[in-house]
Amino acid sequence: MSGTGTDYQVCIAGTGSYVPETILTNEDLAKRVDTSDEWIFTRTGIRERRIAAEGEYTSHMASAAARKALEQAGLEASDVQLIIVATITPDTLTPATACYVQQQIGATAAVAFDISAACSGFLYAMKISKRLIADGAFENALIIGAEKLSAFVNWEDRTTCVLFGDGAGAAVLRRAAPEEGSVLATEMGTDGRLTHLLNIPGGGSACPITASNVGDNLSALAMQGKEVFKHAVNRMKEAAETVIQRAGLEAEDIACVIPHQANLRIIDAIADRLSVPNDRVFINLDKYGNTSAAAVAIALDEANRSGAFKRGDHIVLVVFGAGLTWAAAALRW
Ligand code: ACO
């Protein structure tokens, strides 16, 4: 029970997603750096990714996804009470990208802020908004994962540039009646001892970009891929198991697992360790690559709209990212 004495049930009333039109294939990348479709696909499962247009910002993609989620939820933008944007590629360091989204979609009554938890951000936003709605502080929330990673990639570094893409996914959470869906259990964690494994070193107050370091690619993502890989598998497995158990479920009860879309080998390892058959694991990273906070949100929307699960089914979302951070959620749809 919450401090206010209420504990409302919370459901996902609608989802939406948006990806930019421009497709960058593995073959296109092989013309820029020393790589191949064969290497990228075998190591990651990625075939292509989307790249935002000139003048297309994180907030624009976020707003496009948000409009679709609101439409599916049957909620007017003017009735949205809370907007949380999860992103590591905000339009500006301040104000928050959520403020631009509030203005763009006309959600004039909403409180709006961003959270920065890398690929885990969308599920961090889900846990935060679920609690705020359950407590009675808000009746609904619009949560969005949105990234323009193409602006933060060193396009000459083959070890990272092949992995990432742009896009946005959104969900509307609201108070629910007992017979409706429910966010049953959520889990999130952080290990700040591992900040060095995956980061954007420059552009913050620790290392501003100046005339003397401007050529050093300090505002590009830097990653120790192998180390990240190991932690990703262990943490995602533990987080998924925690929410499955807390929700009172068994692996065989799960109709669909929607994992962070970073690497097919990570996804296969997790499915195997959770004993969930591959045909119950939703995958779209072949089309979009790793879109960080947007990835699980886009996958949730595509799974929802493609009928990968139906009303009453149990689904599990599980993510992992820089921080290091991780999170999971078990839902009854
Ligand atoms: N094309 C061709 N060769 C390449 C490429 C490329 N694009 N990139 C690296 N190589 C080479 C390397 O130089 C190395 O060559 P060497 O053996 O001669 O030194 C060889 O391929 C093997 O490189 P590894 O880094 O060992 O390859 P690995 O099998 O570990 O795969 C990868 C790399 C795909 C990055 C993997 O480690 C991975 O997916 N890690 C996890 C990433 C992740 O999950 N991130 C999630 C969070 S993202 C976020 O929070 C924003």
Side-chain angles (χ1 to χ4, degrees), residues 24-49 58 86-90 115-124 145-169 188-192 194-201 203 219-237 239 259-271 283 285-286 288-299 318-328:
L24 184 68
T25 65
N26 291 348
E27 284 84 4
D28 295 332
L29 277 169
K31 291 178 196 147
R32 293 189 193 187
V33 289
D34 182 14
T35 191
S36 63
D37 175 55
E38 200 271 331
W39 191 96
I40 301 170
F41 186 71
T42 321
R43 299 283 174 133
T44 69
I46 299 166
R47 287 278 189 212
E48 58 191 42
R49 67 287 296 140
T58 298
T87 186
I88 55 167
T89 55
I115 57 170
S116 174
C119 311
S120 307
F122 184 73
L123 294 193
Y124 272 44
E147 303 285 9
K148 186 177 174 178
L149 287 162
S150 60
F152 294 88
V153 162
N154 175 358
W155 289 103
E156 289 167 9
D157 175 9
R158 68 175 184 173
T159 67
T160 51
C161 76
V162 302
L163 303 173
F164 300 104
D166 300 335
M188 53 187 189
T190 306
D191 189 346
L194 301 172
T195 50
H196 58 284
L197 293 185
L198 176 51
N199 57 38
I200 297 176
S219 61
L221 271 161
M223 178 166 73
Q224 296 179 31
K226 265 199 194 321
E227 279 302 303
V228 173
F229 194 112
K230 269 192 304 201
H231 290 286
V233 172
N234 294 333
R235 294 302 196 179
M236 286 168 84
K237 173 195 171 265
H260 177 44
Q261 308 284 316
N263 187 310
L264 191 55
R265 291 184 292 146
I266 296 178
I267 295 174
D268 285 346
I270 290 158
I283 292 164
L285 92 163
D286 51 319
Y288 307 133
N290 180 351
T291 57
S292 189
V296 78
I298 297 171
V318 59
V319 294
F320 181 85
L324 297 177
T325 56
W326 56 91

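Order of appearance sets the numbers: ligands from 1, and atoms from 1 within every ligand. Basis for what follows: all heavy atoms, side chains included, without hydrogens, waters or symmetry-related copies.
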Could you tell me if R47 sits above the aromatic ring of F41, with its cationic atom closer than 6.0 Å to the ring centre and no more than 45 degrees from the axis?
yes
Shortest protein heavy-atom distance from atom 43 (C) of ligand 1, along with the residue and atom involved
V228 CG1, 3.7 Å
Non-hydrogen protein atom less than 4.0 angstrom from atom 14 (C) of ligand 1
no
How about F122 and V319: do any of their side-chain heavy atoms sit closer than 4.5 Å?
no
Please check: side-chain N/O of N26 versus main-chain N/O of I46, any donor-acceptor pairing under 3.5 Å?
yes
Identify the protein heavy atom lying closest to atom 7 (N) of ligand 1, giving its residue, its atom name and the separation to 0.1 Å.
R158 O, 2.8 Å
Any protein heavy atom at under 4.0 Å, with atom 18 (O) of ligand 1 as the reference point?
no
Looking at atom 26 (O) of ligand 1, what's its closest protein heavy atom, distance included?
K226 NZ, 2.9 Å
Salt bridge or not between D166 and K148? Use side-chain N to carboxylate O under 4.0 Å.
no
Is there a protein heavy atom at a distance of less than 4.0 Å from atom 30 (O) of ligand 1?
yes
Name the option, out of T325, T44, N263, T159, that contains the heavy atom nearest to atom 39 (O) of ligand 1.
N263
Looking only at protein heavy atoms, which one is nearest to atom 33 (C) of ligand 1, and how far off is it?
W39 CH2, 4.1 Å
Numbering the atoms of ligand 1 from 1, which are under 4.0 Å from a heavy atom of M223?
42 (C), 45 (N)
Out of C119, G121, A295, who gets a non-hydrogen atom closest to atom 51 (C) of ligand 1?
C119
For residues P259 and F320, determine if any side-chain heavy atom of one lies less than 4.5 Å from a side-chain heavy atom of the other.
no
Against R49, only a single residue in T291, N290, L29 fulfils side-chain contact (heavy atoms from CB on, under 4.5 Å); can you say which?
L29
For atom 47 (C) of ligand 1, what is the nearest protein heavy atom, given as residue, atom name and distance?
L198 CD2, 3.5 Å
Say whether A322, considering both its backbone and side-chain N or O atoms, lies within less than 3.5 Å of an N or O atom on ligand 1.
yes
Write out the residue and atom name of the closest protein heavy atom to atom 41 (C) of ligand 1, then the distance separating them to 0.1 Å.
G225 O, 3.6 Å
Give me the nearest non-hydrogen protein atom to atom 35 (C) of ligand 1 as residue plus atom name, then the distance to 0.1 Å.
L163 CD1, 3.9 Å
Do you see a protein non-hydrogen atom under 4.0 Å from atom 45 (N) of ligand 1?
yes
Measure the distance from atom 28 (P) of ligand 1 to every protein heavy atom, then report the residue, atom name and distance (to 0.1 Å) of the closest one.
R43 NH1, 3.5 Å
Nearest-0.5 Å distance that lies between atom CD in E147 and atom CD1 in I298
9.5 Å
Is any N or O atom of R265, backbone or side chain, closer than 3.5 Å to an N or O atom of ligand 1?
yes
Under 3.5 Å, is there a donor-acceptor pair between the S116 and Y124 side chains?
no
Sub-3.5 Å donor-acceptor pair from the side chain of S120 to the main-chain atoms of T325, do we have one?
yes
Within the distance-only criterion (no hydrogens, no angle test), does the side chain of T87 pair as donor or acceptor with the backbone N or O of A146 below 3.5 angstrom?
yes
In Å and rounded to the nearest 0.5 Å, what is the CG to CZ distance from L324 to R235?
8.5 Å
